[in-house]
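Everything numeric in this text was worked out from a predicted model, so none of it was measured. Proteins get letters first, then strands, A, B, ... in listed order; numbering begins at 1 in each.
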Amino acid sequence: MSRDTALNLPEDLKTRALENARQATPVEALAPLRRDALTALEGAAFPGRKTEAWKYTSLFPLTDGHLARRAEGEAPADLPMLGEYRLVLVNGRLDEDHTALPEGVTLGRQARRLEGLTTPFAFYNGAALEDAVTLDVAANTDVSAPIQVLHVSAGDSPSHCNTRLEVNLAAGSRLTLIEQYLGDGPVLTNAVTAIQAADNAHLTHYRLQADAGDSLHIGTLLFQQTGVSRIDSYQLMAGNRLRRNDVRAFLDKSGAELNMHGIFVARERSHIDNQLCVEHRVPECTSNQVYRGLAGEKGRAVLNGRIHIHPGAKGTLAELSNKNLLLNPGAEIDTKPELEIYNDDVKCAHGATVGQLDALQQFYLQSRGIPLAEAKRMLSLGFVNELIMSLPDQAVADWAQPWLAAELGQRPGADEEAA
Amino acid sequence: MLEIRDLHASVAGEPILKGLSLTVKPSEVHAIMGPNGSGKSTLANVLAGRDNYEITGGEALFEGKSLAELEPEERAQLGLFLAFQYPVEIPGVSNMEFLKAALEATRAAQGKEEWDSVTLLRKAREACKQVDLDPQFLKRGVNEGFSGGEKKRNEIMQMLLMEPKLALLDETDSGLDIDALQTVAKGVNSLRGPERGIVLVTHYQRLLDYIVPDHVHVLSGGRIVKSGGKELALELEQHGYGWLTGGQDGGNGKEDRTA
């Protein structure tokens, strides 16, 4: 790709996105949403190299033309099961044959207009939407078993899909939701997930992103805590060719509590950018965020953790911790906590560190006969172990342990690079 | 099994060992004593292969192989074990997981039969019992939040499981009360045998009341200045190090800083 192509990329992407949106198959239930999103898209600029929020993430990989085509591949025959109930979206379209939902949960094929979306990709998601899934959990329902939502992307050539999931927890309901992204091939998944929790609702949410290294992902996750609710979110993410996760949470009723825990790993030449933003808009809400990042070889990881405490939000408790580990000098992690506080009566703590494996710990393990590569893997796992141990669902823990062990294992050439 | 000839070594570029020679044969227990900063801990760390502890002259052979050529894990796989003066805390890695990895690597390298997880757990519990360590410690992070004495007992526990050919104990007695000292000594004594060499690095004579050495060496200024039998330790206890080191109780003062 020429330099000129890259320079014009933001405009090219916008032109392409608008064209796609106008050509998308009309779906009656989605028409009002699409009109709104199109208006937003028309007024939005795609990020360029000088856009602050995209400082560390270049859209250069998209010069391969992902937006030019929609992904048309088929899902692999055997999809992983992490629970009894499952909802499958292939390239953003509901796969009814593989979907089974428990009682108390209603499946809809529509989407809401969402407040709080900020990226042009999220607008494009709405403007070009051809299918959408909404799960409504009935009031006072304790959904007995986890629901796994599989977002599968499939395609052989550079292409993209828009996938959209909305989950509404009515008052007094409880749900465990496992969102898992799977993909093979050079497909950009442009995702929006929005979760709304009413009074006394409790959601345990997992986000498992282990799609293959040549896949791309740009997505927004929205939490809207409109009631006195609790959300515990566990996010396990590997870098790929381009991964960008915007997470925005709105704590909109006093007493709401949000806990987010995340592990992100960028090995080889992979990339992951986490943009977190927690909006405390009313008094007496609690948010707690703990993220651990690792990067090795030429991997690149980014975390920007914004906590925004609005003028009326007195009595807020907000914490953010992000510790990172560089597995060798070629890797890079950029982390920035960003506090914006417009109220004196708050308790807010944040901390971010980037470190390397401890030489003395390595020597201690080696002195017991453990080879250096294995010692490094053990120490890397140890760095995130606390979070893995705290996963409340065994099925997810059983998935996470081997995934992490492989993700943190030795890479060919890693030590030569380090030397 | 250990043959050290005219060994020179430096720590982070600073010469500490200046021509040290020592031979340890199977079944022998050697005590290396000396004032602070004489190079005792440096010797232990050089032999185990710690980073920045560099051999600059002479040689150290273990089982006929030059230690300078071997990675720390290769030395351990050959049967060398260092009980650390300051055992390292590793949060997030459980003691059990650590032992499993260590024993898998060393037993495979030594051609010993592999222990399945049931056998390993049983052996680990026995070893804990032998050094008076609550088996609950097996589940905790390696040395994480252990007291000084618990850390030292954890070292001996590992040593019992790993059954090394040569055990180097670096100031294992420091910071132990008399009960813990006896427990640790009992553990070490249980490993004494015709196939095994033991080197005790210590500042004080009192450990040698419980682990009786065959040979005692006094280290000063980076070399051995006097060797003798167990009675030499008693002489040191009575007279201090001054009569051997020309009145200087301090060597180069580097040892504690780098330990």
Side-chain angles (χ1 to χ4, degrees), chain A residues 236 261-263 265 290-294 321 323-325 327-329 353 355-391 397 400-402 404-405 407-410 414-416 418-419, chain B residues 44-45 47-53 70-95 97-110 112 139 141-144 151 154-155 157-159 161-164 167-168 170 258-259:
Chain A
L236 307 176
H261 315 262
I263 296 172
V265 186
V290 180
Y291 284 81
R292 295 277 183 276
L294 299 105
S321 152
K323 290 186 189 163
N324 300 288
L325 195 56
L327 300 177
N328 55 35
T353 60
Q356 296 176 9
L357 288 173
D358 185 277
L360 199 51
Q361 292 181 340
Q362 284 181 41
F363 173 59
Y364 191 68
L365 296 179
Q366 285 178 280
S367 80
R368 299 304 183 245
I370 300 169
L372 181 61
E374 174 64 7
K376 285 183 172 180
R377 195 190 63 83
M378 287 175 76
L379 293 174
S380 309
L381 266 177
F383 179 71
V384 294
N385 201 28
E386 201 183 325
L387 248 160
I388 295 296
M389 289 303 176
S390 72
L391 294 173
Q401 274 157 352
L404 257 184
E407 202 57 46
L408 299 180
Q410 177 75 339
D415 277 325
E416 289 91 90
Chain B
N45 281 296
L47 295 178
R50 182 161 163 193
D51 223 15
N52 280 328
Y53 286 67
L70 301 174
E71 295 297 325
E73 60 266 38
E74 293 171 321
R75 305 177 193 205
Q77 290 166 7
L78 272 181
L80 186 92
F81 182 93
L82 170 65
F84 281 54
Q85 181 179 9
Y86 302 107
V88 182
E89 296 201 18
I90 312 182
V93 177
S94 81
N95 231 349
E97 201 184 328
F98 164 63
L99 288 172
K100 185 169 181 288
L103 286 158
E104 263 173 22
T106 49
R107 292 184 70 84
Q110 293 163 8
K112 293 180 187 165
K139 294 183 191 161
V142 176
N143 293 317
E144 189 186 1
K151 284 179 183 168
N154 199 25
E155 295 290 289
M157 189 269 283
Q158 294 166 34
M159 188 176 81
L161 281 172
M162 295 187 69
E163 301 169 327
L168 301 168
D170 187 7
T258 52

With a 4.5 angstrom heavy-atom cut-off, could you sort out which part of [X] is near chain A: side chain, backbone, both or neither?
| X | answer |
| --- | --- |
| Glu104(B) | neither |
| Pro87(B) | both |
| Asn52(B) | neither |

How long is the straight-line distance from [atom2] of [Y] back to [atom1] of [X], given to the nearest 0.5 Å?
| X | Y | atom1 | atom2 | result |
| --- | --- | --- | --- | --- |
| Lys112(B) | Thr106(B) | NZ | OG1 | 7.0 Å |
| Phe84(B) | Lys151(B) | CZ | NZ | 12.5 Å |
| Ile263(A) | Leu408(A) | CD1 | CG | 8.5 Å |

I need the residue from Leu103(B), Val88(B), Leu99(B) with the largest number of non-hydrogen atom pairs under 4.5 Å to chain A.
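If we count pairs closer than 4.5 Å to chain A, Val88(B) comes out on top.
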Is the closest basic N to carboxylate O distance between Glu374(A) and Arg377(A) below 4.0 Å?
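Between Arg377(A) and Glu374(A) there is a salt bridge, with a charged N closer than 4.0 Å to a carboxylate O.
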Do you know which of Ile370(A), Asp358(A), Asn385(A), Leu379(A) has the most heavy-atom pairs under 4.5 Å to chain B?
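If we count pairs closer than 4.5 Å to chain B, Ile370(A) comes out on top.
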Heavy-atom pairs under 4.5 Å with chain B: which of Gln362(A), Arg368(A), Gln366(A) has the most?
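If we count pairs closer than 4.5 Å to chain B, Arg368(A) comes out on top.
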Do Arg50(B) and Leu360(A) come close enough that some side-chain heavy atom pair is under 4.5 Å?
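Yes, their side chains come closer than 4.5 Å.
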Leu47(B) vs Leu82(B), test: side-chain contact (heavy atoms from CB on, under 4.5 Å). Steps then yes/no.
CA-CA 9 Å; Leu47(B) 295 178; Leu82(B) 170 65; over 6 Å; no
Contacting moiety of Glu386(A), where chain B heavy atoms sit under 4.5 Å
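For Glu386(A), neither part sits under 4.5 Å from chain B.
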